Structure formats: structure tokens, C-alpha cells
Protein chains: 2
Amino acid sequence: MKTKRYTLKDIAELAHVSRGTVDRVVHGRGKVSKEAYSRVKQVLDKIDYQPNLVAQSLRKGVLHEIAVLMPGYNYEKYWKKPLLGVEKATNEYTPIGINIRTFLFNPSDSGSYREKYTKILNGRFSAVLVAPFFYKESLVFFEACKKSGLPYFTFNTYIENSGAVTHVGQDLVRSGRTAGSLMHKVLADGDEYLVVHINEELENSMHMQDKESGFRQFLAEAGVAPGQIHVLNIDISEKLEPPLLQKLGEVDALKGIYVTNSKVWMIAGILQQHELDRLLIGYDLLDENIQYLNAGKIDYLIFQNPQLQTSLGIQTIIDYLLFKQEIPDKTFFPVEIVIRENLKEFIT
Amino acid sequence: MKTKRYTLKDIAELAHVSRGTVDRVVHGRGKVSKEAYSRVKQVLDKIDYQPNLVAQSLRKGVLHEIAVLMPGYNYEKYWKKPLLGVEKATNEYTPIGINIRTFLFNPSDSGSYREKYTKILNGRFSAVLVAPFFYKESLVFFEACKKSGLPYFTFNTYIENSGAVTHVGQDLVRSGRTAGSLMHKVLADGDEYLVVHINEELENSMHMQDKESGFRQFLAEAGVAPGQIHVLNIDISEKLEPPLLQKLGEVDALKGIYVTNSKVWMIAGILQQHELDRLLIGYDLLDENIQYLNAGKIDYLIFQNPQLQTSLGIQTIIDYLLFKQEIPDKTFFPVEIVIRENLKEFIT
DNA sequence: ATTCATAATGTGCTCGTGAACACTATTTTA
DNA sequence: TAAAATAGTGTTCACGAGCACATTATGAAT
């Protein structure tokens with residue numbers, strides 16, 4: 001465990017050359033004779049040289065610059081938490097020579113996305129963490145990254161075969177299964193289930209499909225007939241109330257409602273207004289949702305820990321850059337179940 | 001945001017003195033004239049000097065040594081995870097000049113505890129993170145720490161008025177409430193509840209009391225009569241089976257069982273053997289528990305994330321030592337609810 | 001006024017790395 | 001063969017803080 005750390009000077013002595021030569025070998029700068037090279041190489045292979053990061057950092061001023069590309073929270077408040085995660089990581093890593101630059105784009109304007117990623121490509125970054133919000137534009141961006149040898153890491157939105165070193169996010173199918181299981185534990189045998197998708201133009205509808213399929217998957221395994229599961233697609237621009245009330249009127253045994261995104265508070269509001277009592281499950285710790293959770297109108301919230309997405313993402317990048325660690329191509333983090341009783345520690 | 005970092009040299013120039021004088025003022029080493037002192041002080045006040053940690057670390061070889069005092073996992077496998085947390089933190093912080101030394105004691109031998117903490121007191125540590133397993137011995141240790149000015153941080157076991165800078169742990173009352181709520185959501189109105197304490201000599205029984213009181217607290221608020229809640233105290237050296245079966249035979253409506261520690265798998269085994277079906281809630285992701293969770297015999301596990309206890313503890317210490325941050329006197333982390341469906345990400 | 005003590009201040013080296021630079025040895029070109 | 005080019009190697013400085021040591025200034029004592 002207590003392996004001595006070798007310095008360039010140590011190696012130089014062992015290989016009977018000067019520090020400069022060792023440096024040239026280590027960094028492959030050339031201008032080294034075959035004999036000197038092989039002697040240094042031999043020593044290097046034997047001792048597993050790890051450069052002193054502290055000294056590197058002191059010398060270079062800044063070891064790495066990392067870019068983060070994500071939507072600004074003034075457009076969508078969901079993004080406030082991920083930004084907090086970035087700030088946390090920034091505070092932690094700045095003193096050791098890692099600079100983090102944040103590029104916020106407008107999530108309803110792909111032009112602003114392009115503009116920001118161009119800046120990143122023109123900067124001199126060691127890596128980039130990106131929420132690939134726009135599909136087509138992201139593919140272009142990824143190609144450009146590859147061309148300039150810039151490693152990219154994605155979070156929040158998963159893109160198949162993106163070529164990213166790692167994706168950090170939540171397993172959506174699993175989160176749907178979790179919702180199904182939670183609901184199934186509480187509901188009785190004959191009760192029926194409702195899945196509500198509340199669409200926004202912005203949000204990726206793939207997300208919701210994955211969640212629904214996980215939900216159905218679990219219930220099927222638990223012996224719930226497909227006919228007991230109802231689905232409601234509502235666009236946010238329409239009124240939510242009429243279709244919901246209609247459905248609840250039609251199906252009397254409908255005892256559980258699963259809302260596949262953070263807009264669950266809207267449903268909670270309608271239920272409260274009409275004094276209806278249903279088991280209600282949704283996503284994310286928005287203020288509105290927390291309020292209804294505390295009031296007992298929402299039973300379970302599934303939490304993506306958006307803050308963790310970015311802080312974990314940045315940490316992964318640093319592991320990659322500094323320690324050349326083996327990085328898994330997907331880093332999932334837990335599907336957290338939040339009820340009123342364990343809420344507190346999640347929101348501080 | 002983009003505040004320039006001042007160096008000692010910068011300050012020296014601003015105050016028209018030499019680097020050495022600034023150094024003496026910053027460290028209060030004396031040998032400075034009143035005029036020079038006040039000039040430097042003035043500059044210092046204005047610019048908020050933050051010493052360059054990288055340079056400090058390089059110069060001093062190691063910035064801080066932190067001691068961790070906890071039980072070894074060869075005695076109790078529960079402690080394997082906290083140790084992993086220590087290792088994770090070690091890997092992360094060693095390259096920036098923070099050394100972490102672990103002292104493992106035998107949790108059934110207070111002598112070994114004393115022996116290890118003596119070593120720590122004789123070493124030159126900047127801080128210590130301790131699982132204060134033995135109450136009386138810990139008070140002695142804390143006194144000694146105070147005397148020698150060694151800041152101490154506790155985790156896992158909470159000691160009232162310990163004088164620790166921070167305690168890192170889980171809110172036990174809240175975890176009891178959570179168990180109560182989960183169970184109450186599923187059980188019907190007339191159903192009855194059972195709390196099982198499985199004692200080990202080693203474990204602090206305070207823990208279990210806090211959990212039970214949280215459990216009762218919640219159920220009382222939810223309108224469950226105290227008479228509907230039964231308690232079973234079993235010593236691990238006895239046979240668990242007879243008292244449990246007797247209780248279940250006596251009370252027919254007993255539909256939910258809450259085990260206040262990680263020994264829940266023992267109860268699950270008995271239920272399985274006798275083909276009994278009850279809602280079962282317990283603690284921690286031991287292999288045995290996971291097995292029963294997957295088999296559907298355990299419904300919910302409450303998870304303390306033991307790994308997080310130590311890694312968060314060490315991080316807190318570093319914030320304290322390096323950044324002199326305001327540290328809350330208690331750092332709680334979430335009461336995680338684990339079911340079969342969201343298990344996976346918690347165990348990797 | 002000169003010597004000595006001491007307070008106050010400045011200088012220089014160290015930590016390990018990176019990079020510019022200087023130097024030597026060998027080969028190429030006129 | 002002398003001059004020039006180039007390959008190979010070693011030396012030196014800088015990064016910022018900390019600390020030992022050298023230097024200077026100030027006052028006291030003879």
C-alpha cells in the first residue's frame with residue numbers, strides 16, 4: 001500500500017540520464033536517442049510512474065479546463081439544481097487546478113445551442129459535459145468533438161451510440177418499474193391504474209415512453225391485466241381537468257395515478273379541488289410537488305437528484321482526465337423514493 | 001466571480017514590504033514592526049487573501065493527516081462499506097496532499113479501542129473521524145482530544161453533547177417515521193403492527209429506541225391506536241422462532257413487521273419457512289437481506305448508505321481544515337427507501 | 001564615537017514539473 | 001576541410017508558499 005512515489009529526478013538517476021530526457025520520454029516529445037529511450041522506458045515500466053499532480057498544477061497554473069453545456073435555469077427551473085451541482089464541483093476542484101466553464105443555452109432555441117457549442121469547440125477544453133438537448137444538433141457537435149479529439153460526456157438525456165465516454169443519468173425503465181411496484185403494493189386486486197403523460201414541446205417524449213413501459217412491465221409480471229391500465233396523454237397547452245375528470249368518472253376502480261414527469265402537482269391540484277382521493281405518484285422535488293407531498297395529496301415522488309447528475313458527471317471526467325481510470329460507459333444513479341417522512345434530507 | 005488570486009508577492013508589492021514580512025504577518029510569527037504590520041494588514045483586509053493550496057501542498061509534502069477510527073470489518077461485516085467510503089476518499093484526496101490513516105479496532109474489545117485512540121493521540125493528525133462505539137471510553141478520548149486541540153468528528157453513533165465539530169449520520173427517529181408511513185400506506189384500518197428489536201450485546205440499544213419512537217409517533221398521528229402496536233424484544237443468543245410465532249398466533253390482524261436493525265433476514269427466513277406472509281420492513285443492504293428482498297419476502301429496506309457516512313465525513317473534515325467553512329453540527333443524509341425495483345443502483 | 005545587541009526586514013533555497021535555452025557531438029553541405 | 005545544420009543531452013528558471021538564514025537598521029551601552 002505504501003508505495004513510494006517516484007519523481008522525475010529519481011527516474012533520471014535510475015536510468016543514468018538527465019531529468020530533461022526523462023521528461024521528453026514521458027511526454028513523447030522526441031529528440032531522444034534509442035539507447036536513452038529504452039533505458040528510461042525500462043525504468044518507467046518497472047516503477048509505474050505517477051506524475052505529481054500537485055506540482056503539475058502549480059507549474060501549469062490550471063491543469064484542465066472542463067466545459068459544461070446545459071440549459072439555463074431562467075428558461076426552465078428544473079435546471080437550477082443541475083447548475084448547483086456544477087457550482088459544488090467548481091468550488092471543490094478550482095483550488096486543485098481544475099477550471100469549470102459553464103455554457104447555458106436556451107432550451108427552446110437550437111440556435112443558441114449551436115452558438116454555445118461553437119464557443120466550446122473554439123476554446124481549449126480538456127473535456128465537455130453536455131446535456132444533449134437537441135438531437136440532430138448534438139450529433140453534429142459530437143462529430144466535431146471527435147474530429148478535434150475532445151472527449152465528451154453526456155448527462156440527463158441519453159442518446160444511443162452517441163460515442164460519449166460516459167453517460168450519467170437515471171435508468172428510466174427501472175424508475176417506471178419502481179412506480180409500478182410502489183403502487184401495486186398499496187392497491188387491491190381489482191383496482192385499476194392510470195398513467196398520465198403531460199407533454200411539453202420541449203421535453204423529450206422518449207423519456208415518458210420508457211417510464212410507461214417499465215411501469216407496464218412490472219404490473220404484467222405482478223399479474224395485473226393490461227386492461228386494468230389506462231393511459232392519458234394531455235398536452236400542457238390544453239386544459240388538464242376535463243379529460244382527467246372524465247376518465248375518473250368512467251372508471252370507478254381507478255385508484256392509482258402515475259404521472260410520468262414533474263408536472264404531477266397539476267394533477268394533485270385538480271384532485272384536491274374536487275376532493276378526490278387517489279394514490280398519486282410523480283417525479284421530482286419541485287416546490288409545488290413538495291407542497292402537495294406534505295399535504296398528503298401526493299404519495300410518492302421519484303427523485304432524479306439532478307444535482308448529482310452534474311457533480312457526478314464532473315467527477316467522472318476528472319477521474320478520466322487525471323487518473324485515466326477505467327470508466328463505465330453508463331453511470332446510473334439511484335431511483336430515489338421520497339415520501340413525506342424522508343423528504344427533509346433530500347431538499348437541503 | 002472572476003476574482004484574481006493574489007500571491008504573497010502581490011501583497012508584498014502592494015504593501016511595499018518583502019515576501020517574508022507578509023508571510024510573518026499572515027502566520028502571526030511576530031518580528032514585524034507596527035508600521036509594516038498595519039500596512040500589510042490593510043492590504044490583507046481589502047483583498048481576502050487565500051493561500052494557494054497547491055503550492056502549500058507541494059512545499060509541505062503533505063498538507064494534512066486525517067485519522068479514521070472505526071471497527072474492522074473482519075469482526076462485523078457491516079463495517080466493510082464504511083471502509084470502502086474511506087478508501088474512496090483516500091484515493092480522491094491523496095494526490096492533493098491529504099493523507100488518511102485508518103485505525104480499526106475490535107468492536108467487542110474496548111481495550112483495542114483504547115489502544116488505537118492512544119496511537120492517534122500520539123500521532124500528529126489534523127483531525128479525527130471516529131465511530132464512538134464505546135460510550136465511556138469515547139468520553140475519555142474526547143477529553144484528550146480537547147486537551148491536545150485535535151478536532152474530532154463523529155459518525156454512525158450519535159453521542160449527545162459530545163463536543164464533536166460535526167456528527168454525520170442518519171436521523172433515526174425520522175427513519176422510524178418512514179417505516180411507519182410505508183407500512184401504514186399498505187395496511188388496512190384494523191390491521192395491527194409489530195416492532196421487533198433483535199439485540200446484540202454490541203449494538204447500541206439507543207438506536208432501536210429512537211427508531212421505535214419515530215415509528216409510534218407517525219402511527220399515532222395517522223390515527224392508529226397504541227394498542228394496535230406490539231413490540232417484541234429478542235436477544236440474538238436465544239431462538240427467535242418461538243416468541244415470533246407465538247405473537248403471530250396470538251394476534252391475527254398482525255399484518256406488518258418492522259425490524260429495527262439489519263437482522264431482518266432472520267425474521268424473513270422464519271416467515272418463509274412457515275409460509276407466512278407479512279409486510280416486512282428492515283434495515284441495510286446485507287447480502288441476506290437482498291436475497292429476501294428479491295424473493296419478495298422483505299418488502300422495504302431502509303438504507304443508511306454506510307459508505308456515504310465516511311466519505312461525507314472526510315469531505316466535511318476537509319472543508320473544515322482547508323476552507324474553514326461553516327460546518328453544521330449535524331450532517332444528516334437521506335433515509336433511503338429500497339425496494340426490489342430500485343435496488344440495483346444502490347449496491348454497485 | 002565605537003561596539004554590541006537586538007529588532008526588523010529581505011534573500012535564497014526547497015518541493016516536482018514543464019519548457020525554454022544552452023551546450024556538445026555528430027552528420028551534412030559547400 | 002571548414003562551416004553549418006541538426007540530433008541528443010543537460011541546465012536553468014518559473015510556479016507560490018514556507019522557512020532558515022543573511023543582511024540591515026535602530027537603539028543601548030561603553
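Side chains are part of it too, since the values below use all heavy atoms of this structure and drop only hydrogens, waters and symmetry mates. So you know, we letter chains A, B, ... as the sequences are listed, proteins then strands, and number each from 1. Since this is a predicted model, take the numbers as computed values, not measurements.
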Round to the nearest Å and state the distance from [X] atom [atom1] to [N] atom [atom2].
{"X": "A:Arg5", "N": "C:dT17", "atom1": "CZ", "atom2": "P", "result": "9 Å"}
{"X": "A:Lys31", "N": "C:dA20", "atom1": "NZ", "atom2": "C1'", "result": "13 Å"}
{"X": "B:Arg59", "N": "D:dA14", "atom1": "CZ", "atom2": "P", "result": "19 Å"}
{"X": "A:Ile11", "N": "D:dG10", "atom1": "CD1", "atom2": "P", "result": "15 Å"}
{"X": "B:His16", "N": "C:dT9", "atom1": "NE2", "atom2": "P", "result": "14 Å"}
{"X": "B:Lys60", "N": "D:dA20", "atom1": "NZ", "atom2": "C1'", "result": "16 Å"}
{"X": "A:Asp10", "N": "C:dC15", "atom1": "CG", "atom2": "P", "result": "11 Å"}
{"X": "B:His27", "N": "D:dC19", "atom1": "NE2", "atom2": "P", "result": "7 Å"}

Tell me yes or no: between the side chains of A:Ser138 and A:Tyr117, is some donor less than 3.5 Å from an acceptor?
-> no
Do the side chains of A:Ile98 and A:Leu322 get nearer than 4.5 Å, heavy atoms only?
-> yes
Under 4.0 Å from OP1 or OP2 of [N]: is there any side-chain N or O of [X] that close?
{"X": "B:Thr7", "N": "D:dG16", "answer": "no"}
{"X": "A:Thr21", "N": "D:dG8", "answer": "no"}
{"X": "A:Arg29", "N": "C:dA19", "answer": "yes"}

Is B:Tyr37 atom OH crowded by more than 12 heavy atoms from other residues, nucleotides or ligands, each under 6.0 Å away?
-> no
Other residues, nucleotides, ligands: >12 heavy atoms within 6.0 Å of B:Tyr73 OH = no
Counting only distance, no hydrogens or angles, is the base of C:dG12 paired donor-acceptor with the side chain of B:Arg19 under 3.5 Å?
-> yes
base_contact_polar (C:dG10 base, B:Arg24 side chain, donor-acceptor, <3.5 Å) | yes
Here the residues of residues 33-58 of chain B within 4.0 Å heavy-atom distance, strictly under, of DNA chain C are B:Ser33, B:Ala36, B:Leu58
Using the side-chain contact (heavy atoms from CB on, under 4.5 Å) rule, pick out the option among B:Val68, B:Asp319, B:Val168 that qualifies with B:Ile314.
-> B:Val68
Centres of the B:Tyr320 and B:Phe153 rings: under 6.0 Å?
-> yes
Which of these nucleotides, D:dT11, C:dG18, C:dG10, is closest to any side-chain atom of B:Ser18?
-> C:dG10
Any chance you could measure A:Leu69, atom CG, to A:Phe133, atom CZ, to the nearest 0.5 Å?
-> 11.5 Å
